[in-house]
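Inspection log for the structure reproduced underneath, given as structure tokens.
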Amino acid sequence: MTAVRVHHPRAVRRHDGGPADLTARLIGQRVSGTGRRGKYLWLELSDGSALVVHLGMSGQMLLGPVPKTDHVRIAVLLDDGTPLSFVDQRTFGSWMLADMLTVDGTAVPQPVAHLARDPLDPCFDADAVVKVLRGKHSEIKRQLLDQTVVSGIGNIYADEALWRAQINGARIATSLTRKQLRAVLDAAAEVMSEALHQGGTSFDSLYVNVNGESGYFDRALDVYGREGQACRRCGTVVRREKFMNRSSFYCPACQPRPRSPRSRAQ
DNA sequence: CTGCGCACCTGAATGC
DNA sequence: TGCATTCAGGTGCGCA
């Protein structure tokens with residue numbers, strides 16, 4: 001990298017040294033590899049450190065001409081003259097530099113070390129995750145969103161996986177069988193894989209791929225965002241309720257709510 | 001340890 | 001018409 005410009009300091013808020021330190025340490029480095037775990041990705045650098053990137057809600061890493069948008073947060077010039085831009089409208093994304101560590105036989109940057117493997121990781125061990133889930137007396141959806149249990153699953157794909165497995169997200173994981181928990185994890189892997197092949201989930205023009213194209217997976221969503229519409233499996237009206245300051249969508253017939261009083265009763 | 005509520009941010013959608 | 005409010009998402013923090 002021959003030049004680095006941080007246009008918006010918020011984009012490096014998670015980097016300890018701030019914009020000046022990040023810039024100084026990036027210049028002169030070469031990219032020696034790439035990696036990803038859950039919602040984090042990273043570029044391995046020639047000095048052994050890693051540039052860790054989280055795209056947040058709307059972040060993009062773009063190679064080629066700097067786009068004409070107000071949302072370019074960081075601009076880099078690579079050695080061959082190609083610009084690399086970090087574009088992020090909603091500014092939940094960030095860059096940081098970190099050292100690599102070896103965890104469970106895999107080298108990952110330090111800020112990623114606490115994350116569990118994601119369902120698309122070749123080393124993902126579903127049975128081990130089922131054990132973790134069964135060991136916690138907490139709601140299954142809460143655990144699906146806990147990146148230290150299984151990474152890469154957000155609110156939308158959690159709802160989709162639970163719908164496929166016909167499990168209500170408010171069920172306490174300890175009350176579910178190994179088979180049911182395994183079904184939820186398998187469904188999550190399926191949903192993520194299908195979404196990936198369709199270019200992700202786009203609700204509006206913000207969510208586009210590196211070529212500026214929308215993903216099509218939102219058209220394939222079975223339950224998320226379908227409040228008041230018929231369940232695609234049984235026709236019952238899909239419900240929505242508040243959960244962890246987010247929305248949960250579910251079919252009350254296919255995914256019956258737990259009876260236990262510990263759940264969030266209305 | 002676990003849960004809970006909130007801040008962070010922007011722009012689209014909705015309300016008055 | 002215009003201003004105010006609500007909402008969505010992932011992460012991480014302080015506090016119970």
Side-chain angles (χ1 to χ4, degrees), chain A residues 6-16 18 36-42 52-61 67 69-74 86-96 98 108-116 118-119 131-161 169-175 188 191-192 195 200-209 214-215 217-218 221 223-228 238 240-249 258 260-265:
Chain A
V6 177
H7 294 288
H8 198 307
R10 183 171 154 78
V12 298
R13 67 192 179 283
R14 295 181 64 191
H15 180 74
D16 289 337
R36 183 191 67 79
R37 176 167 291 185
K39 301 164 193 167
Y40 288 83
L41 63 89
W42 60 90
V52 181
V53 179
H54 196 298
L55 299 178
M57 288 288 297
S58 53
Q60 295 178 283
M61 298 281 278
T69 149
D70 294 337
H71 308 306
V72 178
R73 306 307 184 191
I74 305 172
F86 179 57
V87 178
D88 186 17
Q89 179 178 120
R90 289 189 183 169
T91 73
F92 276 23
S94 68
W95 280 21
M96 66 197 118
V108 295
Q110 186 271 326
V112 177
H114 69 288
L115 291 194
D118 61 75
K131 273 201 181 119
V132 174
L133 292 170
R134 282 177 63 83
K136 292 194 183 188
H137 190 82
S138 71
E139 295 166 343
I140 179 63
K141 181 167 176 184
R142 183 178 294 281
Q143 295 206 63
L144 288 180
L145 295 175
D146 182 343
Q147 306 295 302
T148 68
V149 173
V150 51
S151 66
I153 302 177
N155 194 46
I156 297 171
Y157 297 158
D159 277 5
E160 291 297 307
R171 295 284 300 274
I172 304 297
T174 47
S175 79
V191 168
M192 292 168 76
T201 303
S202 302
F203 292 108
D204 55 48
S205 57
L206 262 186
Y207 304 96
V208 293
N209 68 15
S214 286
F217 194 68
D218 56 312
L221 293 177
V223 72
Y224 185 89
R226 300 192 69 244
E227 181 187 22
V238 169
R240 163 187 180 155
E241 63 186 41
K242 282 284 165 200
F243 178 79
M244 292 173 75
N245 275 343
R246 296 285 178 263
S247 289
S248 282
F249 296 88
S260 84
R262 196 188 176 288
S263 63
R264 311 166 315 282

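Source: prediction; values computed, not measured. Every chain is numbered from 1 and lettered A, B, ... according to where its sequence line falls, protein lines coming before strand lines.
Within the structure, a side-chain polar atom (N or O) of A/His71 is placed less than 4.0 Å from OP1 or OP2 of B/dG11. Regarding contacts with the backbone of C/dT11, a side-chain N or O of A/Lys39 is found under 4.0 angstrom from either OP1 or OP2. Taking 4.0 angstrom as the limit, A/Gln147 places none of its side-chain polar atoms (N or O) nearer than this to OP1 or OP2 of C/dG10. Contact annotation: A/Lys242 side-chain N/O to C/dC7 OP1/OP2 distance is not under 4.0 Å. Contact annotation: A/Ser58 does not reach the phosphate of B/dT10 (side-chain N/O to OP1 or OP2, under 4.0 Å). Note on A/His54: a side-chain N or O is less than 4.0 Å away from OP1 or OP2 of C/dT11.
Residues A/His8 and A/Gly135 both approach DNA chain B. Their nearest nucleotides, taken by heavy-atom distance, put A/Gly135 toward the 5′ side.
Applying the side-chain hydrogen bond (donor to acceptor under 3.5 Å, both in side chains) criterion to A/Arg134, with sequence neighbours excluded, gives no partner residue. With sequence neighbours excluded, the residues forming a ring-ring contact (aromatic ring centres under 6.0 Å, His included) with A/Tyr40 are A/His54, listed by chain and number. Every residue meeting the side-chain contact (heavy atoms from CB on, under 4.5 Å) condition with A/Ala158, not counting sequence neighbours, appears here in chain and number order: A/Lys141, A/Leu144, A/Leu145, A/Ile153. Qualifying side-chain contact (heavy atoms from CB on, under 4.5 Å) partners for A/His7, counting only residues two or more places apart in sequence or in other chains: A/Arg5, A/Val72, A/Ala75. With sequence neighbours excluded, no residue forms a side-chain hydrogen bond (donor to acceptor under 3.5 Å, both in side chains) with A/Ser94. With sequence neighbours excluded, no residue satisfies salt bridge (charged side-chain N to carboxylate O under 4.0 Å, His left out) with A/Arg13. In this view, A/Arg246 satisfies the salt bridge (charged side-chain N to carboxylate O under 4.0 Å, His left out) rule with no residue, not counting sequence neighbours. With sequence neighbours excluded, the residues satisfying side-chain contact (heavy atoms from CB on, under 4.5 Å) with A/Ser151 are A/Arg37, A/Leu115, A/Asp118, A/Gln147. Taking the side-chain contact (heavy atoms from CB on, under 4.5 Å) definition, one finds that A/Gln143 meets it with A/Leu133, A/Lys136, A/Ser138, A/Val149, A/Ala173, sequence neighbours left out.
The side chain of A/Ser138 sits closest to B/dG3 out of B/dG3, B/dT2, C/dA8.
Atom CE in A/Met57 sits roughly 11 Å away from atom P in C/dT11 (whole-Å rounding).
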Can you tabulate the close N/O pairs, meaning under 3.5 Å, that link protein atoms to atoms of nucleotides 6-8 of chain B?
{"residue": "B/dC8", "atom": "O3'", "partner": "A/Arg10", "partner atom": "NH1", "Å": "3.2"}

Under 3.5 Å between N/O atoms: give me all the protein pairs with nucleotides 12-16 of chain C, atom names plus distance.
{"residue": "C/dG12", "atom": "OP1", "partner": "A/Arg14", "partner atom": "NE", "Å": "3.4"}
{"residue": "C/dG12", "atom": "OP1", "partner": "A/Arg14", "partner atom": "NH1", "Å": "3.2"}
{"residue": "C/dG12", "atom": "OP1", "partner": "A/Arg14", "partner atom": "NH2", "Å": "2.0"}
{"residue": "C/dG12", "atom": "OP1", "partner": "A/Tyr40", "partner atom": "OH", "Å": "3.3"}

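Annotation: the terminal axes of the helix from B/dT2-C/dA16 to B/dC16-C/dG2 meet at 50°, where each axis is the rotation carrying the C1' atoms of four end pairs onto the next four (5 pairs per end, rounded to 10°).
No side-chain heavy atom of A/His8 sits under 4.5 Å from any side-chain heavy atom of A/Phe86.
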